[in-house]
Amino acid sequence: MKDPLYALTIHEAAELLRRREITSLELTESVLHRIQETEPRLHAFITITADLALAQARQADERLDRGEAHPLTGVPAAIKDIICTKGVRTTCGSRMLENYIPPYDATVIERLRRVGMVMVGKTNMDEFAMGSSGENSAFGPTHNPWDLERVPGGSSSGSAAAVAAHQCIYSLGSDTGGSIRQPAALCGVVGLKPTYGRVSRYGLVAFASSLDQIGPITKDVRDAALVLGVIAGHDPLDSTSAPVEVPDYTAALVPDLKGIRVGVPKEYLGAGLEGGSREAIMTAVGVLQELGAEVDWEVSLPTTPYALACYYIIAPSEASANLARYDGVKYGFSYMSGASMWENMEKTRQYGFGMEVKRRIMLGTYALSAGYYDAYYLKALKVRTLICREFEAAFQSHDVLVTPVSPTPAFRLGEKVHDPLQMYLSDIFTIPINIAGLPAISVPCGFSQGLPVGLQIIGRPFDEATILRVAYAYEQATPWHTRRSPL
Amino acid sequence: MPLSREEVQHLALLVRLGLNEEELETFRNQLSQVLDHFRILQELDTTDMPPTAHVLPLTNVMRDDVPAPSLPVEEVMANAPQREGNYFRVRAVLEE
């Protein structure tokens with residue numbers, strides 16, 4: 001039997017669309033039908049925009065008929081609900097923004113619209129991107145398509161689950177400490193966090209401004225290269241977006257790794273890494289070697305065990321400042337029946353924010369407050385320098401570093417919700433990369449306990465091309481990206 | 001050292017976050033546990049190490065001041081919980 005249209009990748013769909021063998025409308029209807037069929041069990045979306053998608057598909061078809069196609073034209077996408085979409089509510093997974101309708105598009109949306117995006121919906125997420133399981137969404141958790149009793153990872157929970165379950169052809173997520181790569185790994189799909197500054201953050205609701213990046217979640221590596229090519233590049237509306245040339249990422253996709261120097265940092269293979277995941281990672285590194293890469297097992301990044309503490313000071317500190325804007329005055333939830341302005345503001349924040357968001361606001365405020373600033377925040381910024389320098393040194397003699405994405409495969413829903421520190425530990429292998437602002441990709445590399453495992457490939461600043469090349473060569477030499485979740 | 005109840009209350013006041021009794025106690029325990037983990041950083045010698053607030057070598061990013069249309073007032077005000085004309089309405093800040 002022929003595969004249903006919703007199962008296509010971007011590049012497969014683009015080829016069929018360009019040849020006019022299928023229409024965007026047919027493809028979009030197939031995806032919308034798939035959403036209808038699977039969404040009650042998955043809960044990957046907060047808002048489904050079926051009418052908008054159908055209208056955009058018709059426009060895309062006109063464009064395709066005129067032969068003005070881009071590979072993304074008419075291909076259905078799902079967008080993490082932290083990215084502002086003009087006229088479509090953007091909740092951040094929070095009661096605070098339950099009814100917020102942005103008056104403008106994020107730059108990434110503007111760029112995707114320009115090439116003829118079809119948007120099927122806004123995806124579920126941990127509230128304000130704070131979480132590693134999707135369970136902090138105010139709208140209820142997303143389930144993992146490989147095992148509905150398990151978490152899909154977070155915070156881009158819906159974006160990863162939706163791609164794995166073929167509820168969209170690709171999605172956008174955001175990654176502050178692993179929020180694209182970890183759910184991509186746990187759901188068996190590809191997730192790319194670009195270099196800090198590579199993609200504009202304009203219109204990305206701010207969590208931790210020195211760490212946040214938007215990136216693609218896709219079914220294979222070629223698709224990730226295609227989406228990155230559209231969303232990357234300097235944006236005058238984001239002063240931290242870097243004026244650095246964007247190469248043609250698909251040109252980097254060659255199936256061999258001759259001359260590539262791969263480093264495997266020891267600290268990422270130590271205690272805490274689950275057995276089956278470890279086995280999958282070791283086998284994957286062997287494949288890279290067979291493909292011609294030179295592998296160095298002696299790399300050491302001794303500050304790795306300190307990254308978690310460093311991150312959980314910096315990120316909540318930035319968050320406590322960023323989230324001060326939710327005061328019930330300009331937009332969002334507003335408590336109005338208090339006795340005074342102050343009471344209204346306190347109750348607005350009390351009822352509008354969930355527990356994890358409050359926890360981080362409190363933590364960040366503590367780290368920034370008088371008397372503790374030097375011991376916590378300033379100390380963390382100095383440790384950040386140490387971490388950055390260690391990566392710089394490692395990249396003197398290596399082109400990429402390879403590590404696991406997550407210490408374990410998907411855990412059970414409810415398993416870690418009452419123990420914040422345990423939950424924070426799910427990000428130990430992804431956090432250091434955000435601290436140093438480096439690009440990294442998660443690519444499926446096998447299974448443990450029947451659940452997907454992800455391989456993390458980390459690159460030099462602005463060298464997404466090389467991590468895409470390594471990921472592509474690995475993917476083409478292995479069958480993992482062709483495996484389908486049972487849903 | 002565990003945080004005291006008063007410290008947690010003080011933090012909540014600094015960020016204008018209303019907390020009920022249960023949340024206060026939960027945060028007191030959880031924040032103490034996480035802050036305890038942060039002590040690990042004291043093991044690292046960071047003497048003479050400059051702080052990194054930001055990984056990009058960018059300073060004072062400027063661009064030309066080119067006039068362009070602003071967002072339509074109606075669309076911006078559409079999200080206001082309470083408005084009066086083109087103003088956001090709030091309760092009196094200064095009370096008697």
Q: Under 4.5 Å heavy-atom distance to chain A, tell me which part of B:Leu17 shows up: side chain, backbone, both or neither.
A: both
Q: Using non-hydrogen atoms and a 4.5 Å limit, figure out which bit of B:Phe27 sits close to chain A: side chain, backbone, both or neither.
A: side chain
Taking side chain as everything from C-beta outward and backbone as N, CA, C, O, which of these in [X] sits under 4.5 Å from a heavy atom of chain B? Side chain, backbone, both or neither.
X	answer
A:Ala367	neither
A:Asp419	side chain
A:Tyr424	side chain
A:Phe353	side chain

Q) Within residues 193-201 of chain A, which positions have a heavy-atom distance to chain B below 4.5 Å? A) A:Tyr196, A:Gly197
Q) Among B:Val61, B:Leu71, B:Val15, which has the most heavy-atom pairs under 4.5 Å with chain A? A) B:Val15
Q: For B:Phe88, enumerate each residue passing the ring pair (Phe, Tyr, Trp, His ring centres under 6.0 Å) test, keeping only those at least two apart in sequence or located in another chain.
A: none
Are the side chain of [X] and the backbone N or O of [Y] linked by a donor-acceptor pair below 3.5 Å?
X	Y	answer
B:Thr52	A:Arg384	no
A:Arg349	B:Arg16	yes
B:Arg63	A:Leu237	no

Q) Quick one: side chain to side chain donor-acceptor pair (under 3.5 Å) pairs with a partner in residues 311-326 of chain A, sequence neighbours left out? A) A:Ser209-A:Asn322, A:Ser210-A:Glu318, A:Asn322-A:Arg325
Q. Is the closest side-chain donor-acceptor distance between A:Tyr306 and B:Glu43 under 3.5 Å?
A. yes
Q: For A:Lys416, enumerate each residue passing the side chain to side chain donor-acceptor pair (under 3.5 Å) test, keeping only those at least two apart in sequence or located in another chain.
A: none
Q. Which atoms form the tightest heavy-atom contact between A:Ile101 and B:Asn79, and what is the distance?
A. O-ND2, 2.7 Å
Q. Going by heavy atoms in the side chains, are A:Leu363 and B:Phe38 under 4.5 Å from each other?
A. yes
